[in-house]
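Note that ligands are numbered from 1 as they come in the structure, with each ligand's atoms numbered from 1 the same way.
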Amino acid sequence: MSTRSSINSPRNSLLLPSVLVILVGVTSALTYQSIIKPPPPKLCGSPGGPPITAPRIKLRDGRYLAYKEHGVPREKALRKVIFIHGSDCCRHDAVYATRLSPGLIEELGMYLVSFDRPGYGESDPDPNRTPKSLALDVEELADQLNLGAKFYVIGYSMGGQATWGCLKYIPHRLAGATLVAPVVNYWWKNLPLNVSTQGYSLQPKRDQWAVRVAHYAPWLMYWWNTQKWFPGSSVANRDGTSFSQQDKEIVLKLGASRKPHLAEVRPQGLHETINRDMIVGFGSWEFDPIELEDPFLNDHQGSVHMWQGDDDMLVPVIPQRYIAEKLPWLHYHEVPGSGHFFHYNEGVVDDIVKTLFKTETEN
Ligand SMILES: *[C@@H]1O[C@H](CO)[C@@H](O)[C@H](O)[C@H]1NC(C)=O
């Protein structure tokens with residue numbers, strides 16, 4: 001009652017201050033919006049946007065997906081693989097083809113197609129991206145390239161979200177699957193609190209915060225990773241100071257040859273690449289790996305592998321051990337003394353690929 005009477009009372013002297021307050025409020029809201037709201041992605045092939053140089057397929061929702069083929073021609077291939085890259089990488093970073101020992105590709109009769117995940121390189125962004133939509137993108141790529149009823153998938157790091165998605169949504173299409181240091185979502189509901197907390201605290205502080213923002217305040221992600229007041233995500237800022245010892249040595253040794261196409265990774269901007277990865281990777285999932293079933297339960301015609309370094313500062317080992325323990329059908333390979341980039345070490349990609357192609361009885 002008292003509020004109502006004060007509103008109704010004629011107090012014209014307050015009118016000017018109120019208008020000022022509203023003006024200031026609206027102005028700061030607009031400024032704030034332009035800081036926290038990501039700029040629209042620069043679509044490839046749009047006026048002023050980056051050029052289209054790669055072959056692309058058109059997906060179910062009109063988006064284009066850029067890809068790159070490696071190895072023996074697909075008509076002659078005995079084994080067809082789809083490679084799903086990690087954060088801040090693109091279709092060129094297909095180490096499971098490009099770093100194999102000479103002759104191995106022919107010996108294995110292997111064809112590998114890598115693609116720019118949505119928003120990366122020359123693939124259109126997908127603001128509605130989920131682990132499921134990524135799995136469906138993989139399936140559509142396979143079908144448009146006529147890879148046949150079954151194909152292998154290898155997913156690295158943030159590409160793990162799509163690989164777990166493939167195991168969940170398109171298991172019947174898989175000939176086998178390998179996850180290499182796949183992203184862990186600390187909010188997967190079947191991860192015990194002590195396991196996710198220990199894993200979470202292994203990360204550098206800046207990444208702990210960035211992961212929290214991705215989960216609880218995805219609308220703040222763009223600002224978080226672009227502001228200069230405090231450190232945002234280490235991946236978004238390309239900061240390697242908290243890499244493990246072995247990772248630092250690998251980065252030093254390989255230099256720019258580790259990612260020769262770095263300039264082609266984010267031509268469309270930060271938000272639909274790194275930030276979207278984090279928002280999807282650490283968001284709320286409708287399933288988690290621990291509830292997955294063995295995709296080869298009935299026919300034993302394939303196998304699923306996880307490779308993980310025990311000194312990885314980006315994707316911690318503790319939750320992976322727990323997942324591996326809960327999924328008896330998952331072949332778990334822990335690599336001692338290794339960080340996140342161990343697949344650049346001599347012979348590692350050969351091992352990973354050969355292991356994937358072994359039949360279930362040999363594993
Ligand atoms: C989490 O807690 C359970 C039950 O107390 C224990 O058995 C397990 O070893 C703990 N895991 C870790 C990684 O600390």
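Using a 4.0 Å threshold on non-hydrogen atoms, atom 1 (C) of ligand 1 counts as touching the protein. Proximity of atom 11 (N) of ligand 1 to the protein is indicated by at least one non-hydrogen atom lying closer than 4.0 angstrom.
Annotation: atom 13 (C) of ligand 1 to nearest protein heavy atom, Gln198 NE2, 3.5 Å.
Not a single donor-acceptor pair under 3.5 Å links the side chain of Arg56 to the backbone N or O of Tyr64.
None of Lys58, Arg63, Arg129 except one satisfies the salt bridge (charged side-chain N to carboxylate O under 4.0 Å, His left out) rule with Asp137; the exception is Arg63.
Residues Trp285 and Leu134 do not share a hydrophobic cluster, clusters being chains of Ile/Leu/Val/Met/Phe/Trp/Tyr side chains in contact below 4.5 Å.
Classification of the Tyr156-His343 ring pair by plane angle, with boundaries at 30° and 60°, yields tilted.
Proximity to Asn194 (heavy-atom distance under 4.0 Å) selects the following atoms of ligand 1: 1 (C), 2 (O), 3 (C), 8 (C), 10 (C), 11 (N), 12 (C), 14 (O).
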